[in-house]
Amino acid sequence: MSGFGYLVGLHSADALVEAVKAAKAAGFVRIDTFTPQAIEELEELLPSPNRVPLLTLLGGIVGGAAGYLMQWYSATQAYAINVGGRPLHSWPSFIPITFETTVLGAALAAVVAFLWGSGLPRLHHPLFDIDAFALASSRRFFICIRAQDPKADQAQAWLQTLGQPVYEVKQ
Amino acid sequence: MKSPLWSLAVLLALAVLLFALDAHGFWLAWLVAWWLALGVSLGCLANLCLHDLTGGDWGWPLRPVWQAGVAQLGWIALAGLPLWWAVPDIFAWASPGSSPELARAHWWLNVGFFRARLLFDLLLWCLLGQWQRRTTGRARAGLILLLYGLSITAASFDWIASLQIQWYSTGLGLLVAIGQMLAGMAWAVTMAGGGSARLGRDHGNLLLMYTMSWAYLAFTQFLIIWAENLPDEISWYVPRLQWPWQGLAWLLLLGHFALPFALLLSRAFKQRIAALRALAGWLLLMHALDVLWLIWPSAQPQGQRLWMPLVLLLPMLTLWLTLALRRWPAREVTV
């Protein structure tokens, strides 16, 4: 099929977890879920590559190194001032700024990586064409089998066994 | 070494031996060992009260382990009593020929009042432990934490800061308290940490919080004193930045902060129960070295007789652990 996929809204988190387990057992591999709150079991059932932690770490390292280098350069190379007879490269006094730029780099990297990884900012999404999908932010737990699934042609029939209306989401 | 009697026998035999060899060194070594045992137990008490105040699933598996630690306060108070006789020996301010600064501080730093404070503190800590065990309630937990904070600050000034009479640091009490709470948390996580992926993350994050708070306070104190470079205050760091103490400083920086910090950032690490518990055990060991760092260089700047506290620390820690393990798992879980 073409389009985005097939969508079903369930009434509880437990029903969703059961449905995901059943869908995996039935051989579907491109399964998506949309829930009003985080459900930890889903993270284990549907592992997705999450690059935010790694990019946050890299952002922190880059920020810290840049902050330290900036101070080292300004205090020892660009504008060397003798402060109370201390060495020009007085590392203890560089630590607070290094800490701050580490946090800054890590926080900026985390926000950018999150926005980039989740495809934001984006004004429209095919799922928004389904009126009932608005409930995903209050009390409905949605499961979606994507059109890219190798068994996508069986998705509609299988989802109907869950006993709730099946929506076809167009691209 | 299953039985506490063995540890006790070894500890007492070593104590007598050290005392016969060198009374001055023995009293200082006894102070180090006693302060460590006291700190872990008080850290357990403070963590219990913290959990009384906040609640949360993370605390329930740890509570019995903390209670086993708090139950040690009785014998620790007894082990602190001999320090009554150590006061004139280990403190320079107690001997005649004092400076004008000392004369001003005499109302606080005199042997009689000092000994009275020792007895008061020992009694207070025992009573706080009993109070925590027998009753419940948030107001009580808050009051215990408050009294703990005040008493440990005063005791830190007495037993740690006054070893170097000219030195002072208003942050010392907080630094000591955070170190003790870290030790209490590390002991509990070693015994009962992890359990599920979520609990592992919680316990790992709390350990991360403690190591970061400890590093923050320890570094801030150093940075301020280093930047001022005033004779009275820098006197604390002058011996500590020379061999052998510089080696201990690096060991603490790496082992008490950098290594646990890097490992505890990893979610996968926190969720592995064996790894988390091993790291918590390591942190308890590092805390013992932190206690050594706080006390020994003040009294023995060149690191003389360093073997004495090391020799006493081990049986003291073993005695504490064997006695605490007998109380755990304890039945008296107050919910």
Using a plain distance cut of 3.5 Å, could you tabulate donor-acceptor pairs between chain B and chain A?
{"from": "B:Ala227", "atom 1": "O", "to": "A:Arg86", "atom 2": "NH2", "distance (Å)": "2.2"}

> When you look at B:His203 and B:Trp58, which way does the ring-ring contact (aromatic ring centres under 6.0 Å, His included) test go after all the steps?
Replying inline: CA-CA 7 Å; B:His203 294 159; B:Trp58 56 272; 7.3 Å; no
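- Residues satisfying the side-chain hydrogen bond (donor to acceptor under 3.5 Å, both in side chains) criterion with B:Trp35, sequence neighbours excluded, are absent altogether.
- Taking the side chain as every heavy atom from C-beta outward, B:Trp296 and B:Val291 never approach each other to under 4.5 Å.
- Taking 4.5 Å as the limit, every side-chain heavy atom of B:Thr153 sits out of range of all side-chain heavy atoms of B:Val176.
- Looking at residues two or more places apart in sequence or on another chain, you find a ring pair (Phe, Tyr, Trp, His ring centres under 6.0 Å) between A:Phe142 and A:Phe133.
- Taking the ring pair (Phe, Tyr, Trp, His ring centres under 6.0 Å) definition, one finds that B:Phe257 meets it with B:Phe261, sequence neighbours left out.
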